[in-house]
Visitor: 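Below you'll find the structure I mean.
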Amino acid sequence: MSKDERLVKQITPKSEDFSRWYAEIVQKAELADYTPMKGMMVIRPYGYAIWENIQRLMDDRIKATGHVNAYFPLFIPESFLKKEAEHVEGFTPEVAWVTAGGNEELEERLAVRPTSEAIIGYLYSKWIKSWRDLPILYNQWANIVRWEKVTRPFLRTTEFLWQEGHTCHETAQEAEEETLKILAMYKEFCETELAIPVIAGRKTLREKFAGAQMTYAIEALMSDGKALQMGTSHNLGQHFSKAFDIKFEDRNQTLQYVWQTSWGTTTRMVGAVIMAHGDDSGLRLPPRVAPVQVVLIPIAFGNWKETVLPAVLAAQETLKKAGLRVLVDAREEFTPGWKFAEHEMRGVPLRIEIGPRDVKAGQAVFVRRDIKAKEPVPLGELAVRAAAVLDEIQASLYAAALKFQDDNTRVAETYADFKDILENRRGFVKSPWCGGGECEDKIKAETMATIRVIPPDCEGPAAEGRTCISCGREAKAIAYFARAY
RNA sequence: CGGGGAGUGGCGCAGCCUGGUUAGCGCGCUUGCCUUGGGAGCAAGAGGUCGUCGGUUCAAAUCCGACCUCCCCGACCA
């Protein structure tokens with residue numbers, strides 16, 4: 001779209017400057033705002049409503065798979081955090097500490113939770129005695145603090161909201177099954193609800209969670225060609241159960257450490273929705289998570305309050321009864337054109353215009369946000385057609401994102417090709433890798449790309465006869481590389 | 001955390017270099033009239049401790065220092 005044809009004029013076009021577009025859309029669409037503290041954002045009602053939809057849809061899935069919600073303390077004693085060596089090493093650089101209560105200096109300082117494995121581990125050791133207590137399938141919705149150096153609204157903030165699952169199992173196999181079940185659930189969630197295709201697989205040792213035995217993740221491609229981690233699922237093995245002494249008497253009357261998992265998704269998902277679907281005019285929200293799915297705009301002429309408005313209010317009732325999230329924008333201080341641009345920027349999936357001509361014709365005009373197509377719809381078919389159009393939009397956003405991912409996933413067999421792709425095209429690059437951390441480091445230093453994920457079908461056999469793009473040794477896997485957020 | 005840029009009514013900016021009336025402009029906002037199918041028009045209004053703290057000076061938005069926040073580019077992370 002050329003700049004002159006743009007109907008939304010208050011934001012920098014995405015195609016012109018992606019970073020600026022992102023920062024502006026977050027503020028102008030009233031998703032979030034900055035505060036006087038670095039990295040601390042306020043999530044405003046319109047942004048929070050997206051998160052609430054994500055939360056509800058995710059919570060339904062978590063509960064449907066047998067998990068229950070609980071709430072653990074915000075603070076974690078330093079000694080607890082230190083029990084698992086790798087865990088403390090990974091997290092201490094970004095922990096915020098409470099050192100005093102009122103005027104009293106604390107005997108032991110308290111960490112503001114950067115994640116809850118430590119405090120939950122302590123409690124699990126109290127609660128678990130027998131194999132009959134297992135599995136433990138807990139989830140918590142909470143806020144987290146990590147003292148980040150570089151912050152961006154939704155993508156990386158000092159405080160963020162998330163859900164963290166923490167489970168305990170009798171066997172290693174059960175824990176692995178849980179880890180993969182959640183990974184699959186996350187993938188399905190992103191694709192179904194957020195209309196964002198993701199690549200699921202394992203992380204490398206360099207990229208795994210501090211304290212985990214194995215980390216799995218889902219990775220998505222944003223529309224600027226950079227990858228974004230959208231969720232992680234960790235098989236913790238017995239690392240924490242040994243550190244926190246979480247033992248149970250098994251079916252053979254022997255004491256054993258439990259096998260654990262933990263997994264999480266965050267408010268970062270809101271950022272992903274913005275970056276994966278947005279266009280030059282602003283947000284394009286997937287209907288499943290859009291706070292407003294349909295905006296009804298009366299076209300006011302003459303005695304419109306007697307003619308047009310009743311039709312608009314009737315349409316609102318019809319659509320509400322059909323279970324849709326509807327907003328009537330009957331403000332008199334703005335012209336229809338102004339409202340069109342405003343709701344486009346805010347990403348409302350479907351706009352319905354009703355004017356005098358429409359009332360006479362017994363119809364309404366539908367305008368899809370994703371492709372900006374207009375369609376007259378008889379008033380009698382509003383609800384059915386609106387629901388159908390919203391489904392079409394959800395599907396078409398997903399299809400577009402999937403096409404983008406396909407178009408931007410390339411294979412490089414040589415380091416020269418690899419560097420060329422990252423330099424000129426970005427996106428995912430699938431390349432053979434020897435499995436060595438040194439090659440990972442070297443590639444990262446030279447190209448800023450990291451191994452985002454290794455899907456199961458890219459392991460061992462898939463790499464047979466191929467050589468590592470970095471060292472030339474025999475490849476152990478085909479890895480997805482990308483520059484990432 | 002290093003390099004670069006920025007902070008002036010809600011938003012976008014000018015003024016600063018070369019200190020000195022009442023700190024301007026566009027948009028937005030309020031009120032009234034009039035309008036409304038892609039960001040209407042006229043008229044009258046309201047709104048600013050110039051990011052914060054300190055220094056220089058008779059006098060600071062302007063000069064100096066420190067700090068805070070944001071943006072961009074690099075080292076660490078959901």
Side-chain angles (χ1 to χ4, degrees), chain A residues 5-12 17-24 26-28 30 33-41 90-95 114-115 143-164 186 203 206-210 215 217-220 227-234 262-272 281 297-305 308 329-345 351 353-359 364-365 367 372 374 376 441 444-445 448 450 483-485:
Chain A
E5 292 166 359
R6 296 181 65 234
L7 299 167
V8 172
K9 299 184 175 103
Q10 50 185 297
I11 54 168
T12 301
D17 185 338
F18 192 88
S19 294
R20 203 165 153 196
W21 170 86
Y22 181 82
E24 286 178 4
V26 163
Q27 289 203 79
K28 299 261 166 77
E30 297 177 343
D33 203 352
Y34 299 101
T35 70
M37 293 88 69
K38 178 176 160 59
M40 304 279 197
M41 67 166 177
F91 278 103
T92 37
E94 46 188 277
V95 168
T115 179
N143 58 337
I144 290 294
V145 168
R146 295 183 187 173
W147 217 261
E148 299 288 351
K149 288 167 182 170
V150 178
T151 57
R152 296 186 86 184
F154 293 112
L155 302 178
R156 176 163 296 106
T157 47
T158 302
E159 179 187 10
F160 57 92
L161 307 182
W162 77 348
Q163 62 66 213
E164 48 178 326
Y186 282 168
K203 286 282 187 182
R206 287 277 196 287
E207 300 275 331
K208 86 173 171 59
F209 174 76
T215 288
I218 48 172
E219 290 274 337
L228 184 75
Q229 179 173 307
M230 292 188 61
T232 49
S233 184
H234 316 292
S262 70
W263 28 273
T265 54
T266 77
T267 33
R268 171 182 272 187
M269 283 189 161
V270 178
S281 302
I297 299 182
I299 308 300
F301 276 113
N303 62 337
W304 69 282
K305 283 185 186 170
V308 172
D329 190 349
R331 290 177 293 177
E332 294 181 62
E333 63 270 33
F334 296 110
T335 62
W338 192 94
K339 294 176 188 174
F340 297 166
E342 178 73 4
H343 295 292
E344 255 164 46
M345 185 193 70
R351 173 171 91 234
E353 306 170 12
I354 300 181
R357 295 203 297 264
D358 300 311
V359 173
V365 176
V367 186
K372 307 202 178 172
K374 290 197 181 190
D441 289 343
K444 182 177 179 181
M448 295 190 307
T450 50
R483 290 182 187 167
Y485 277 96

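Chain letters run A, B, ... following the sequence lines, proteins first and then strands; every chain starts at 1.
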Visitor: Within this structure, what is the OG1-CD distance for the pair T266(A) and Q229(A), rounded to the nearest 0.5 Å?
Guide: 9.0 Å
Visitor: Ring centres under 6.0 Å, that's the criterion: do F301(A) and W304(A) meet it?
Guide: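 No, too far apart.
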Visitor: Could you check whether L155(A) gets within reach of a base, just the sugar-phosphate, or nothing at all, counting any heavy atom under 4.0 Å?
Guide: base
Visitor: Could you tell me whether the side chain of W147(A) reaches within less than 4.5 Å of the side chain of T158(A), counting heavy atoms only?
Guide: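 Yes, close enough: below the 4.5 Å cut-off.
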Visitor: For the pair made of CZ in R357(A) and C1' in U36(B), what is the distance, rounded to whole Å?
Guide: 12 Å
Visitor: If you look at every strand shown and take non-hydrogen atoms under 4.0 Å, does G264(A) touch a base, only sugar-phosphate, or nothing?
Guide: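 Since no nucleic acid heavy atom lies under 4.0 Å of G264(A), the category is nothing.
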Visitor: Let me know, please, whether K28(A) or K208(A) comes out on the 5' side of the other along RNA chain B by nearest nucleotide.
Guide: K28(A)
Visitor: If I take atom CZ from residue F154(A) and atom OH from residue Y485(A), how far apart are they, to the nearest 0.5 angstrom?
Guide: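 Answer for the CZ-OH pair, F154(A) versus Y485(A), is 14.5 Å.
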Visitor: Whole-Å distance between A78(B) P and F209(A) CZ?
Guide: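 Taking atom P of A78(B) as the reference, CZ of F209(A) is at 8 Å.
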Visitor: Counting primed atoms plus P, OP1 and OP2 as sugar-phosphate and everything else as base, spell out the protein contacts along nucleotides 68-76 of chain B at 4.0 Å heavy-atom distance: B, S or - for each nucleotide, 5' to 3'.
Guide: -SSSS-BBS
Visitor: Taking salt bridge (charged side-chain N to carboxylate O under 4.0 Å, His left out) as the test, write out the residues that go with E353(A), two or more places apart.
Guide: R351(A)
Visitor: So how far is it from D329(A) CG to E342(A) CD, rounded to the nearest 0.5 Å?
Guide: 8.5 Å
Visitor: Report the C-alpha distance between Q163(A) and T265(A) in whole Å, list the side-chain angles of each, state the deciding distance to 0.1 Å, and finish with yes or no for side chain to side chain donor-acceptor pair (under 3.5 Å).
Guide: CA-CA 6 Å; Q163(A) 62 66 213; T265(A) 54; 2.8 Å; yes
Visitor: Counting Watson-Crick and G-U wobble pairs with both distances under 3.5 Å, what is the dot-bracket string for RNA chain B, 5' to 3', using [ ] for crossing pairs and | for pairs to another strand?
Guide: ((((((((.[[[[.)....(...]]]].(((((.......))))).....[[[[[..)....]]]]])))))))....
Visitor: Among side-chain atoms of S281(A) and K372(A), is any donor-acceptor pair under 3.5 angstrom?
Guide: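 The criterion, which ignores hydrogens and geometry beyond distance, is satisfied for K372(A) and S281(A).
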Visitor: Would you indicate what Q229(A) reaches in the nucleic acid, counting non-hydrogen atoms under 4.0 angstrom: base, sugar-phosphate, or nothing?
Guide: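 Touches sugar-phosphate only.
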Visitor: What is the distance, rounded to the nearest whole Å, between atom CD1 of I297(A) and atom P of G39(B)?
Guide: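 After rounding, the reported distance stands at 13 Å.
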Visitor: Compute the centroid of each ring, for F340(A) and then for F334(A), and state whether the two points are separated by less than 6.0 Å.
Guide: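 No - the distance between ring centres of F340(A) and F334(A) does not fall below the 6.0 Å cut-off.
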Visitor: So, W162(A) and A78(B): ring centres less than 5.5 Å apart, planes less than 30° off, yes or no?
Guide: no
Visitor: Which protein N or O atoms sit under 3.5 Å from an N or O of nucleotides 40-42 of chain B?
Guide:
residue : atom : partner : partner atom : Å
A40(B)  : OP1  : T335(A) : OG1          : 3.3
A40(B)  : OP2  : T335(A) : OG1          : 2.8

Visitor: Can you list the residues that meet the salt bridge (charged side-chain N to carboxylate O under 4.0 Å, His left out) rule with D33(A), with sequence neighbours excluded?
Guide: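 D33(A) satisfies salt bridge (charged side-chain N to carboxylate O under 4.0 Å, His left out) with no residue once adjacent residues are dropped.
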Visitor: Applying a 4.0 Å non-hydrogen cut-off, can you work out what T157(A) is touching in the nucleic acid: base, sugar-phosphate, or nothing?
Guide: base
Visitor: What pairs with R357(A) under salt bridge (charged side-chain N to carboxylate O under 4.0 Å, His left out), at least two apart in sequence or on another chain?
Guide: none
